[in-house]
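In this text the structure is predicted, and so the values were computed from the model without any measurement.
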Amino acid sequence: MLTRDSVKTRMSTQQGISFTEFAYQLLQGYDFYELYRTHGCTIQIGGSDQWGNILSGMELINKAEHSPPFGKDIAKEKSFALTTPLLTTSRGEKFGKSAGNAIWLEHNLTSCFDFYQFFMRTCDSDIEKYLKLFTLLPVEEISTVVHDHQVSPEHRIAQKLLAEEVTLMVHGKDGLDAARIATQVLFGTDYTTLKAEQIIKSLTGDPRLVFCTEEEMFNISLSSLVAKHQLASSKSAARQLAQAGGLYLNNKAQRDPSFLLTRDALIGGKVAIVRAGKDNHRILALR
């Protein structure tokens with residue numbers, strides 16, 4: 001382990017390397033051996049930064065299985081490694097759990113909406129690279145879209161295309177539709193085409209979606225509902241927010257702190273989109 005360039009480089013720096021980091025390749029190497037022994041796993045795939053860790057497992061497998069030393073006889077090798085270049089931003093930052101910017105393909109871990117918005121937030125300097133990496137669009141179409149985006153970057157044409165293509169590929173049409181509707185609810189200004197059932201379905205699992213009884217929805221003032229569901233720190237703060245024009249119901253300012261919701265005020269008679277300030281939302285839905 002001490003002969004590996006990655007370890008020697010870290011140990012030669014002032015910061016050094018922690019024991020946890022140093023021993024990590026032991027754990028990953030033994031894990032590869034255990035998978036080989038119990039499940040017949042012969043190949044490990046990972047990012048290029050995992051090369052040394054994977055080699056540790058291959059060497060352990062060879063020693064444990066009394067094979068020739070690693071790399072001496074490829075025909076008798078029992079395990080193999082495959083690495084891919086790390087996906088990085090234009091600033092050289094990698095994606096992953098340790099970097100704090102990981103997303104998951106499983107919708108229970110990263111919702112369709114959050115998945116879609118992750119790609120919508122792609123910076124301009126990375127957009128062409130990501131369109132080529134993550135989509136199956138023709139290069140000519142990508143070049144055209146990138147050119148149009150450079151002319152009017154504020155419209156985020158390229159980011160929208162990237163988000164739609166990748167979300168469709170991973171989550172299908174239903175997932176993309178849910179992401180679009182949630183985006184319209186939380187970032188749009190026109191709710192006239194939205195249906196209550198679509199809103200609820202698109203935000204299922206999102207903490208901003210709150211279910212209310214009829215008694216709560218119609219017998220408690222809007223400012224009290226805002227305080228109860230933590231859009232404001234207190235009832236008095238909610239009343240002040242409304243009077244200052246910072247409280248919105250279905251994207252229309254509601255200045256009356258005593259206002260009571262009615263079924264007619266709800267989208268489809270079931271949903272109220274309440275916003276405090278610019279982007280703090282609660283979607284209140286009847287049970």
Side-chain angles (χ1 to χ4, degrees), residues 45-50 83-191 193-195 198-209 251 273 275 277-283:
I45 303 172
S48 56
D49 61 336
Q50 297 298 305
T83 60
T84 60
L86 287 177
L87 178 63
T88 59
T89 68
S90 57
R91 297 185 295 273
E93 300 168 344
K94 72 174 185 178
F95 292 106
K97 298 187 294 297
S98 59
N101 58 358
I103 56 169
W104 302 86
L105 301 183
E106 171 57 53
H107 70 87
N108 291 327
L109 297 173
T110 298
S111 70
C112 298
F113 167 72
D114 289 330
F115 187 88
Y116 180 93
Q117 286 299 319
F118 175 85
F119 290 100
M120 279 294 294
R121 293 192 295 270
T122 301
C123 64
D124 293 343
S125 56
D126 289 324
I127 192 64
E128 183 174 5
K129 173 184 175 182
Y130 290 178
L131 281 168
K132 291 177 178 178
L133 281 173
F134 293 130
T135 77
L136 301 176
L137 296 170
V139 174
E140 295 79 9
E141 182 177 347
I142 292 174
S143 298
T144 300
V145 169
V146 170
H147 175 268
D148 293 343
H149 172 74
Q150 291 170 343
V151 173
S152 303
E154 69 278 7
H155 295 152
R156 304 186 71 76
I157 301 169
Q159 280 87 349
K160 184 177 181 181
L161 178 62
L162 173 66
E164 291 185 347
E165 287 290 320
V166 181
T167 305
L168 179 63
M169 187 184 303
V170 174
H171 294 295
K173 185 178 184 301
D174 288 346
L176 176 57
D177 288 343
R180 283 171 169 167
I181 292 168
T183 298
Q184 187 176 352
V185 169
L186 298 174
F187 299 109
T189 56
D190 182 9
Y191 298 152
T193 61
L194 293 176
K195 297 181 179 179
Q198 292 177 323
I199 296 172
I200 294 170
K201 182 179 178 181
S202 70
L203 289 166
T204 297
D206 191 296
R208 287 166 289 200
L209 176 64
N251 212 40
I273 301 173
R275 173 165 57 90
K278 185 178 180 181
D279 55 11
N280 197 5
H281 293 80
R282 288 295 182 275
I283 291 76

What is the distance from atom OG of Ser202 to atom CG of Leu194, rounded to the nearest 0.5 Å? 8.0 Å

How about Tyr116 and Glu164: do any of their side-chain heavy atoms sit closer than 4.5 Å? yes

Distance check, rounded to the nearest 0.5 Å: Ile45 atom CD1 versus Thr84 atom OG1? 8.5 Å

Under 3.5 Å donor-acceptor, Glu165 side chain and Leu136 backbone: no

Between Val170 and Leu105, the two heavy atoms sitting closest are CG1-O, 3.9 Å

What do the steps show when you test His107 against Leu109 for side-chain contact (heavy atoms from CB on, under 4.5 Å), and what is the final call? CA-CA 5 Å; His107 70 87; Leu109 297 173; over 6 Å; no

Is Asp177 paired with Lys173 through a side-chain N to carboxylate O contact shorter than 4.0 Å? yes

Would you mind reporting whether Ile142 and Thr135 have side-chain heavy atoms less than 4.5 Å apart? yes

Between Tyr130 and Leu87, is there a side-chain heavy-atom distance shorter than 4.5 Å? yes

Please round to the nearest 0.5 Å and tell me the distance separating atom OG of Ser143 and atom CG of Asp148. 11.0 Å

For residues Val185 and Tyr191, report the shortest heavy-atom separation together with the two atoms involved. O-OH, 2.9 Å

If you compare all heavy atoms of Arg282 against all heavy atoms of Asn280, which two are closest, and at what distance to 0.1 Å? NH1-OD1, 3.9 Å

Please confirm whether the backbone N or O of Asp114 pairs with a side-chain atom of Ser111, one donor and one acceptor, at under 3.5 Å? yes

To check you understand the geometry: which heavy-atom pair defines the closest contact between Met120 and Arg156, and what is its length? O-NH2, 2.5 Å

What is the minimum heavy-atom distance between Leu209 and Ile200, and which atoms define it? CD2-O, 3.8 Å

Which residue pairs pass the salt bridge (Lys or Arg N to Asp or Glu O under 4.0 Å) test with at least one member in residues 119-129, sequence neighbours excluded? Glu128-Lys132

Is the backbone N or O of Trp104 less than 3.5 Å from a side-chain atom of Thr110, with the two atoms forming a donor-acceptor pair by type? yes

Can you tell me how far the NZ atom of Lys195 sits from the CD1 atom of Ile199, to the nearest 0.5 Å? 11.5 Å

Examine Phe115 together with His171 and report whether their ring centres are nearer than 6.0 Å. yes

Rounded to the nearest 0.5 Å, the CD atom of Gln184 sits from the CD atom of Gln198 at a distance of 9.0 Å

So, for Thr167 and Ala179, which heavy atoms are closest and what is the spacing to 0.1 Å? CG2-CB, 4.5 Å

Heavy atoms, side chains only, cut-off 4.5 Å: are Leu186 and Arg208 in contact? yes

Can you name the side-chain contact (heavy atoms from CB on, under 4.5 Å) partners of Phe187, sequence neighbours left out? Phe113, Gln117, Thr183

If you define the side chain from C-beta out and look only at heavy atoms, does anything of Gln159 sit under 4.5 Å from Ile157? no

Distance check, rounded to the nearest 0.5 Å: Asp206 atom CG versus Ile283 atom CD1? 7.0 Å

Could you tell me if the side chain of Leu137 sits less than 4.5 Å from the side chain of Leu161, heavy atoms only? yes

Indicate yes or no: at least one non-hydrogen side-chain atom of Ile273 is less than 4.5 angstrom from one of Asn251. no

